[in-house]
There are 2 protein chains.
Amino acid sequence: MDDISPIRAKSGTNQEGTSAHNRRVMIEALRLNGALSRADLARATQLTKQAVSNIIEDLESDGLVVALDAVRKGRGQPSTPYRLVPEGAFAIGLHIDRHLTRAVAVDLMGSVLARAEANLPFDEPSKGVEIILKLIAGVRRDLAGISAQSEKRLVGLGVAMPGPFGLKDSDDKWMMPAWQKFPLLETLAKGTGLNVGLQNDAAACATAERIVGAAHGVDHAVCLYVGYGIGAGLILNGELYSGGHGNAGEIGMALLAPAGPGSTPLEHRASLASLYQHLDLNPADSDIYEQMNALVLAEDTKMMAWIDGAAHDLRWSVHLIETIFDPKTVILTSGAPEALARRLVEAMHPLLPSIADRPARNLPRLQVGTTDPWSIALGAAAAPISRAFDPLFSAILKTRSAPA
Amino acid sequence: MDDISPIRAKSGTNQEGTSAHNRRVMIEALRLNGALSRADLARATQLTKQAVSNIIEDLESDGLVVALDAVRKGRGQPSTPYRLVPEGAFAIGLHIDRHLTRAVAVDLMGSVLARAEANLPFDEPSKGVEIILKLIAGVRRDLAGISAQSEKRLVGLGVAMPGPFGLKDSDDKWMMPAWQKFPLLETLAKGTGLNVGLQNDAAACATAERIVGAAHGVDHAVCLYVGYGIGAGLILNGELYSGGHGNAGEIGMALLAPAGPGSTPLEHRASLASLYQHLDLNPADSDIYEQMNALVLAEDTKMMAWIDGAAHDLRWSVHLIETIFDPKTVILTSGAPEALARRLVEAMHPLLPSIADRPARNLPRLQVGTTDPWSIALGAAAAPISRAFDPLFSAILKTRSAPA
DNA sequence: GCATTAAGTCAACTCGCTTGACTTAATTAG
DNA sequence: CTAATTAAGTCAAGCGAGTTGACTTAATGC
């Protein structure tokens, strides 16, 4: 809400906001519950049958929902369920990592329809952007081949890359300094003509878990992402929380002790970077994934030692996260092979006691999320879809001209 | 959103929601900016002059705002500023602590108009509730003496007490086990006829800081509360965050190390309870506050040692909070004397490096908040006012019957 | 077969923001 | 000292979106 005017206030709203909200509520309800009839929707959203009917009619003519066959379920007129149309909207997701970039095209349901990857020069963002733009153009072309509507229905480009963003100029090699300084979003917006949004990789991972993974429909969840670095994606009250300056969840820099010899950033102990170092692997190797997988399956001593060490610190990170956030569940995701993630989670048990030790839980305290290396790109793509279709407070408010 | 129906969906909204939101936005704008004219409000909220005019007229006839004298500020017709009327609403706040309970009555602006305290039997909630009900009745009587409108304009009773709530049955003496099991809210609701809400003491403290303190108008702030225990009140996106089960911020149980000898709950090192133990003080002493103050002013060796130890752990807590939440500021508040809190914050400097080390900050990373022992009760009272008058997402939604 | 139950529609209504013209009242230019 | 300009605020008609209540449709159950 930074504004030219010195007066600080939230926006008001009007019927447009009302209607936008109700549309989004319908879409979310269909996303969470599968197909629902108008009557179901009316009950669930507390709107009148008539209001729902009008909205559904609109959504149908916009190509966002379709009617299924009527179903008889007891007395009364059979109901006509509606479901979301996957081709109702598309988005592009971009994952920029240290040595690699991946782009995907997804539909409204979060299904990946096209994907492409390329190597990236670590220190030359201007060259990198050219590669990225080509990658995006390719994915877009593939998408256009799948759906003729795709270009019209493209809601945006989501970018995920390692944070934190906007700190003091730093040459910390963990942070891709050259990329931090490059006007990436502007360049991509110009180069693609799309709305561009940025989040860190852990946030994207949480978004992916929320849209198609273990956090689907969970309003309070934390997603630990063990990638080259480590971060936490925070889903609070059903929305991704990004903090006062967009860096919430950047726990890689959290010190493991207040002082003394143990005062190391978590990232130096429990991240793939630390694994590479510990095992003397080269992250730029094209078969690095297979190498890691093989070492886990072979129960390599050094690998097991790293897992134990990382699990020790991660166990405690989970404890702190639970204590601070009181989430319904914590999801561990990783860019590492699934076997490694599973071993890691196993090694983290038994978990430390915390307020999450409740009598009645219906979700596990800690679970393994996706380890698909494409999931960050998927989450990045899900962000513009969420912005466009999920019920958000901000979506109700009037906007001056264009939203930030 | 737990519901009888298995269908999960957010509520829709209608014109009532629109109007409710806009009223709240006006009130918040006046609270944050002092007096504003209708034209100012129209610009700030993006509503039309006419819409604002109607809403202000309503608010005026409801006794929530009044016009001030017209002011000339350049060309054009002079504007008529409006400000909030403190007597527009009242709330009762109740702070239940281990040996003591405090009740306050506050007005719409958060000014304390009446207060009362009493000792509380630690282990007999049924007796305690009688004392509390008498205390509340007294405060209410005092309030009625100040404003004839008070009873009509009483929006609710806010209760703050040490958490966490709803865990496994535990006899942990830190947690007031007898009170945890007692049906407190129901009893108070029946006994007072008011809407009753509960939060933990740190959350109440954050609410107090937000309404009248250092977090006034700050949308991302964390309030560390060093009381008998220790907790953090989280203000995220301008709203208090309470987690999946209402226990977010209960960092007293956070372990200071993953294992080994240092694996102590923070509460055992940096809370007034630990201070009492360290200095062999009796928290039930009526002059405990003065005793502490004297020891700080005298720079008592043991006191200084405790401060250094606690500061060591708190410094690191701030580091973790900054790293996880990326707040605009961290506020340390305490039930201890101001001198102690100041010494503690001094001893915490220099702070550990974190992502909060940004080039352009306009708020300090760490500041001392209120140390008024009544501020928890004030924050408790502010909660129902906030629920009734602040722009909240939930306030827009239709409700089935009564909100939870 | 007829009563009952439930989905969904129709058409009139209402509420609250918007629109655009208008009034009021100040400052500034000539 | 007027006239032009600027800005606050009002008036009255308009409109969009959800609401209301009666009605239609189409099943099941006794």
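Quick caveat, the model's predicted, so the values are computed rather than measured. Chain naming here is simple, since letters A, B, ... match the order of the sequence lines and numbering starts at 1 in each.
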Can you check the [X] [atom1] to [N] [atom2] distance for me, whole Å?
| X | N | atom1 | atom2 | answer |
| --- | --- | --- | --- | --- |
| Ile56(B) | dG16(C) | CD1 | P | 16 Å |
| Asn54(B) | dC11(D) | CG | C1' | 11 Å |
| Asp58(B) | dT10(D) | CG | P | 13 Å |
| Lys398(A) | dC17(C) | NZ | P | 10 Å |
| Glu57(A) | dG18(D) | CD | P | 13 Å |
| Arg24(A) | dA17(D) | CZ | C1' | 17 Å |
| Leu41(B) | dC17(C) | CG | P | 13 Å |
| Ile55(A) | dA17(D) | CD1 | C1' | 8 Å |

Leu47(A) side chain reached by Lys398(B) side chain, heavy atoms, under 4.5 Å:
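Yes, side chains in contact.
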
query = Is the closest side-chain heavy-atom distance between Leu59(A) and Tyr82(A) below 4.5 Å?
reply =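 Counting from C-beta outward, Leu59(A) and Tyr82(A) never come under 4.5 Å.
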
Practice problem: For Thr48(A), answer base if it contacts any base atom (sugar-phosphate contacts may also be present), sugar-phosphate if it contacts only those atoms, and nothing otherwise; contact means non-hydrogen atoms under 4.0 Å. | Solution: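 Base contact - Thr48(A) has a heavy atom under 4.0 Å of at least one base atom.
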
Interface polar pairs with nucleotides 22-25 of chain D, N/O, under 3.5 angstrom:
residue : atom : partner  : partner atom : Å
dT25(D) : O2   : Gln77(A) : OE1          : 2.4

Determine: side-chain N/O of [X] to OP1/OP2 of [N], distance under 4.0 Å, yes or no.
| X | N | result |
| --- | --- | --- |
| Arg75(A) | dA7(C) | no |
| Ser37(B) | dG9(D) | yes |
| Ser53(B) | dT10(D) | yes |
| Arg43(A) | dA7(C) | yes |

Please name all residues satisfying side-chain contact (heavy atoms from CB on, under 4.5 Å) with [X], sequence neighbours left out, ordered by chain then number.
| X | answer |
| --- | --- |
| Ser19(B) | none |
| Asp58(B) | Arg23(B) |
| Arg153(B) | Phe90(B), Gln149(B) |

* salt bridge (charged side-chain N to carboxylate O under 4.0 Å, His left out) against Glu239(B), all qualifying residues, sequence neighbours excluded ->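 For Glu239(B) there are no salt bridge (charged side-chain N to carboxylate O under 4.0 Å, His left out) partners, ignoring immediate neighbours.
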
- Item | Nearest-nucleotide 5' precedence on DNA chain C, Gln50(A) against Pro78(A) |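 Mapping each residue to its closest nucleotide by heavy atoms, the 5'-most match is Pro78(A).
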
Review point. How far does CG of Asp107(B) sit from CG of Leu113(B), to the nearest 0.5 angstrom?
Key: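 Spacing of CG (Asp107(B)) from CG (Leu113(B)) equals 4.5 Å.
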
If you measure from CG on Leu64(A) to CD1 on Ile27(A), what distance do you get to the nearest 0.5 Å?
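Interatomic distance, Leu64(A) CG to Ile27(A) CD1, rounded to 0.5 Å: 5.0 Å.
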
Under a 4.0 Å heavy-atom cutoff, the residues of residues 12-22 of chain B touching DNA chain C are Gln15(B), Thr18(B), Ser19(B), Asn22(B)

Comparing nearest nucleotides in DNA chain D, the 5'-proximal residue of the pair Leu47(A), Arg72(A) is Leu47(A)

### Query
Which atom names give the shortest non-hydrogen contact between Ala91(B) and Ala381(B), and what distance separates them?
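In this case the closest contact between Ala91(B) and Ala381(B) is CB-O, 3.3 Å.
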
### His21(B) and Phe393(A) aromatic ring geometry - parallel, tilted or perpendicular at 30°/60° bounds
perpendicular

